[in-house]
Structure formats: structure tokens, C-alpha cells
Protein chains: 2
Amino acid sequence: MAKKKFDKDQVIDSVIALFWQQGFTATSIQQIVEVTGLKPGSIYHEFGSKEALFQLALTRYTDNSIYEMNEVLNTSLDVCEGIRKILSNLVQLANQPEYCGCFLIKSQLELSASNSQVYQYTLASLQKTENNYRNFLSRKFDNEKANCYARQLMMVIFAIRVYGYQDIQNTSLLQTSLELLPWLQTE
Amino acid sequence: MAKKKFDKDQVIDSVIALFWQQGFTATSIQQIVEVTGLKPGSIYHEFGSKEALFQLALTRYTDNSIYEMNEVLNTSLDVCEGIRKILSNLVQLANQPEYCGCFLIKSQLELSASNSQVYQYTLASLQKTENNYRNFLSRKFDNEKANCYARQLMMVIFAIRVYGYQDIQNTSLLQTSLELLPWLQTE
DNA sequence: TAAATTATTGAGTGATCATTCAAAATTTGG
DNA sequence: CCAAATTTTGAATGATCACTCAATAATTTA
């Protein structure tokens with residue numbers, strides 16, 4: 001067996017930014033060739049298709065997002081403080097000049113008309129995210145409340161992700177988010 | 001002057017659905033040829049470019065959306081009732097099987113990396129929508145409150161637009177929206 | 001009706017699209 | 001070190017992309 005020369009993980013990493021910024025359709029294999037340094041043949045030998053590579057990139061993004069999310073949540077002493085930290089981080093991202101939204105949401109909107117496997121994946125992943133928040137919230141709240149709050153939280157996160165393109169002052173987006181979720185205030 | 005044979009407005013109307021569903025990049029001139037019955041030459045003679053036609057389609061969608069929004073608002077006796085009707089309509093749209101989100105938001109996310117004129121238009125249009133809500137809310141609330149509530153409302157609307165892809169039961173999305181905006185309850 | 005003006009045509013432009021594959025290079029097992 | 005296995009190559013595939021333009025058709029003006 002011949003050993004692989006290039007690092008598959010590294011290729012996926014460099015491709016994430018491309019797909020994230022431009023979307024699936026607007027990103028060409030040629031651009032992937034330029035960014036990765038691989039030739040078309042190598043890309044297709046390793047990944048099979050543009051769509052399969054896109055799925056790998058999106059999966060890595062999602063897994064990484066959920067991992068980081070849980071890291072913030074699990075290092076917080078208070079449940080609500082953890083959520084607040086998450087929201088604060090999202091708003092901070094939204095205020096960066098090179099902000100390009102949420103890869104998962106962008107993909108969902110772009111591919112919604114196709115009903116492809118990748119689109120189904122975005123649906124499932126966002127549901128998984130909500131479930132993750134619900135589980136975390138049930139540390140503090142009863143099941144009914146955790147359920148309601150998790151959905152509210154998801155909606156506010158969606159809102160931040162989209163509103164983030166609008167350039168308003170740094171603090172305002174976070175403030176409005178906290179107004180929408182009064183139960184986040186522990187005091 | 002030779003009289004025009006085809007109805008420009010009608011062409012734009014048939015093209016809206018195409019761009020709305022598939023996005024700018026994924027929609028080809030060939031598809032536009034098929035849908036409108038026009039030949040490529042006619043399309044370019046009349047509209048100049050794919051992007052210009054897209055802009056016309058998006059502008060009509062936006063103008064129409066704001067018109068319909070104001071129609072609902074102005075035929076409501078109470079300010080909050082008007083807003084509730086808007087939200088209810090949006091949720092109802094989101095629950096239709098052929099739901100394809102908000103054309104403006106989809107375009108914003110797709111074109112955000114390009115920083116094109118169309119992208120700038122999406123930013124301005126969504127800002128205009130928020131201003132419209134703020135003006136309406138100031139019928140009932142003082143300026144400060146109208147400002148806060150308009151932003152909250154925009155965020156909830158963004159959230160509905162995105163969450164709408166997830167297939168949850170009909171009532172749940174509206175209920176969560178109303179939970180997020182308790183000031184909508186007049187009683 | 002004749003001439004001028006404009007709309008429409010549709011085959012054709014070169015560029016770029018995702019993808020392929022036989023050949024070359026590389027690596028490993030014996 | 002040789003042979004088998006695997007990776008990598010990169011030119012080439014046909015399809016499709018947005019777009020053009022000289023020719024034709026339709027309409028208006030004079």
C-alpha cells in the first residue's frame with residue numbers, strides 16, 4: 001500500500017473557508033485546486049465528487065461548532081452564564097469585518113430547493129444543536145421549560161446569525177438578544 | 001418606435017420564483033429562457049445582464065413584501081394585533097410544503113462574500129423594513145420602546161424565516177415567537 | 001406605403017464547469 | 001531490489017456557463 005502524501009484533514013480545513021464564504025454552487029473545483037495545491041484527479045480520487053467534499057467540510061464545521069459550544073457550556077459554573085457566553089461569542093463573531101455567517105444556515109438556505117442529502121443533513125444538524133441546548137438547559141430547568149427555552153434560544157441564535165450582516169453597533173445586537181431571553185438573567 | 005411584444009413585468013414575475021428557489025448562481029440563463037419563452041438575445045437586449053434581471057426581481061419582491069406588510073398593519077385596529085397578524089402569516093408561510101424562505105435573506109447570505117451592489121441592496125432593504133416597523137410601533141409606544149421593539153421584531157422575523165425550514169408542528173413556531181415578544185399581548 | 005426605428009431571433013462566442021483516465025510517480029511488501 | 005499496489009498527475013472530456021451580434025421581423029413615423 002502506497003502511503004498518502006497529502007493530509008486529508010488539512011485539505012478539508014482549507015476547503016471549509018472557500019465553501020463557507022462562497023457557497024457550494026459558487027465554489028469551483030478550480031478554486032479548490034488553487035487553494036489545496038492538489039490536481040483535479042487527486043481530489044476526485046480522494047473525495048469522489050464536489051458534493052462529497054462539501055459534505056465533509058460541512059460535517060467538520062458542524063462537529064467543531066458543537067464541540068466548542070459544549071466546551072463553553074461545560075466550563076461555565078451557571079447554566080445561564082454559559083448560554084450568555086455563547087450568545088456573546090456569536091455577537092462578537094458577527095461584528096468582525098470578515099463575518100460570513102453560519103456555514104450550516106447558509107448551506108441550508110442555498111440547498112433547500114434541491115432536497116439533497118446535504119440539505120437533509122443541515123436539518124438534522126440544527127435539530128441536534130437544539131437538542132444539545134435542551135439537554136444543557138435541563139440541568140437548571142424542568143423539562144417543559146428547558147424545551148421552551150431551547151427553542152427560544154435557537155431562534156435568537158438564528159436571528160443573530162442573520163442580523164449579523166447588518167452593521168449596527170457592537171453592543172446592540174447582544175442587548176436585544178438578552179431582552180428577548182429575560183430568563184437568562186439569574187439575579 | 002416599435003412596440004414591445006412581451007410584458008416586461010410578466011417576465012420579472014416568472015423569474016422571481018426561479019431566483020427565489022434556486023438563488024442567483026444556481027439559476028442559469030437557459031432556465032430563464034425556458035420559463036419566459038424569450039430567447040437569450042431578447043433577455044439581454046431588455047435587461048442587460050443576469051445580475052440586472054436578478055436585481056429587478058429582488059426589488060419587485062421587496063417592494064411587494066413591504067406593500068403587503070403595510071396593508072396588514074394599516075387594516076389592523078390595534079398596533080400589536082397588526083404585528084401578531086404579520087407573524088402569524090409568516091409562520092403560516094413557513095409551514096407550507098413548498099416553503100422557500102425569504103428571497104431577501106437568501107440573497108443576502110448568498111451574495112455576502114461578493115460585496116456587490118445587490119448585496120448592498122439587501123442590507124438597505126432589511127434596514128428599511130426595520131424602519132417601517134419602528135414607525136408603525138411608534139403609534140403606540142414612545143420612541144425608545146419603538147426602537148427596541150422594532151429590533152426585537154426583526155430578529156424574531158429573521159428567526160421565523162430560518163427556523164421555517166425545520167418541520168415542526170404548525171403552532172409551535174408562532175407560540176415561541178409570541179413568547180419572545182411578550183409586549184405583543186395587549187391584555 | 002416607404003423608410004426608419006426598434007424588437008426579436010437563435011446560432012455561435014470563448015470561458016469555465018465538474019469530471020475522467022491513462023500514464024507517471026511513489027511507496028510498500030516480499 | 002524487484003514487483004505489486006496505490007497515489008498523483010494534468011491534459012482532455014463533453015456539458016454548460018453568461019453573453020453577443022448580424023440578420024430578420026415587427027412596428028411606427030412620415
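First the proteins, then the strands, lettered A, B, ... as listed; each starts at 1. Keep in mind the model is a prediction, meaning the values are calculated, not measured. Atoms considered below: every heavy atom in the structure, side chains included; atoms not considered: hydrogens, waters and symmetry mates.
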Touch class at under 4.0 angstrom, heavy-atom based, for B:S42 against every strand present: base
Atom-pair distance (NE2 on A:H45; C1' on D:dT8), nearest Å: 8 Å
Linked, directly or transitively: A:W20 and A:I66 (ILVMFWY side chains, under 4.5 Å): no
Position toward the 5' end of DNA chain C (nearest nucleotide), B:P40 or A:G48: B:P40
d(CG, B:L53; C1', D:dA18) in whole Å: 13 Å
Spacing between A:I29 atom CD1 and D:dG10 atom C1', to the nearest angstrom: 15 Å
Nearest-nucleotide pick for B:S49, side chain only, options being D:dC19, C:dT9, D:dC17: D:dC19
Enclosure of A:Q117 CD (heavy-atom neighbours >12, cutoff 6.0 Å): no
B:E81-B:S76 side chain donor-acceptor pair, cut-off 3.5 Å: no
Output one line per pair: protein atom, nucleotide atom from nucleotides 13-15 of chain D, and distance, for all N/O pairs under 3.5 Å.
none

Closest nucleotide among C:dA18, D:dC19, C:dT9 to the A:S28 side chain: C:dA18
Ring centroid separation A:Y121 to A:F54 under 6.0 Å: no
Sugar-phosphate only, base, or nothing, as touched by A:K50 at under 4.0 Å among non-hydrogen atoms: sugar-phosphate
Out of C:dT20, C:dT9, D:dC19, whichever nucleotide has its closest atom nearest the side chain of B:Y44: D:dC19
Rounded distance (Å) that lies between atom C1' of C:dA7 and atom NZ of B:K8: 13 Å
Euclidean distance, atom CZ of residue A:F24 to atom P of C:dC17 [Å, nearest integer]: 13 Å
Side-chain donor-acceptor contact under 3.5 Å, B:E51 with B:Q55: no
Gap between atoms NZ and C1', on B:K39 and C:dT13 respectively (whole Å): 19 Å
Side-chain (A:Y99) to main-chain (A:R161) donor-acceptor, under 3.5 angstrom: yes
Residue whose nearest DNA chain C nucleotide is more 5′ - A:G41 or A:A26: A:A26
Enclosure of A:Q10 CD (heavy-atom neighbours >12, cutoff 6.0 Å): no
Sugar-phosphate, base or nothing in reach of A:T25, heavy atoms under 4.0 Å: nothing
Atom-to-atom span, CD of B:E46 to P of D:dC19 - whole angstrom: 16 Å
Rounded distance (Å) that lies between atom P of D:dT9 and atom CD of A:Q30: 14 Å
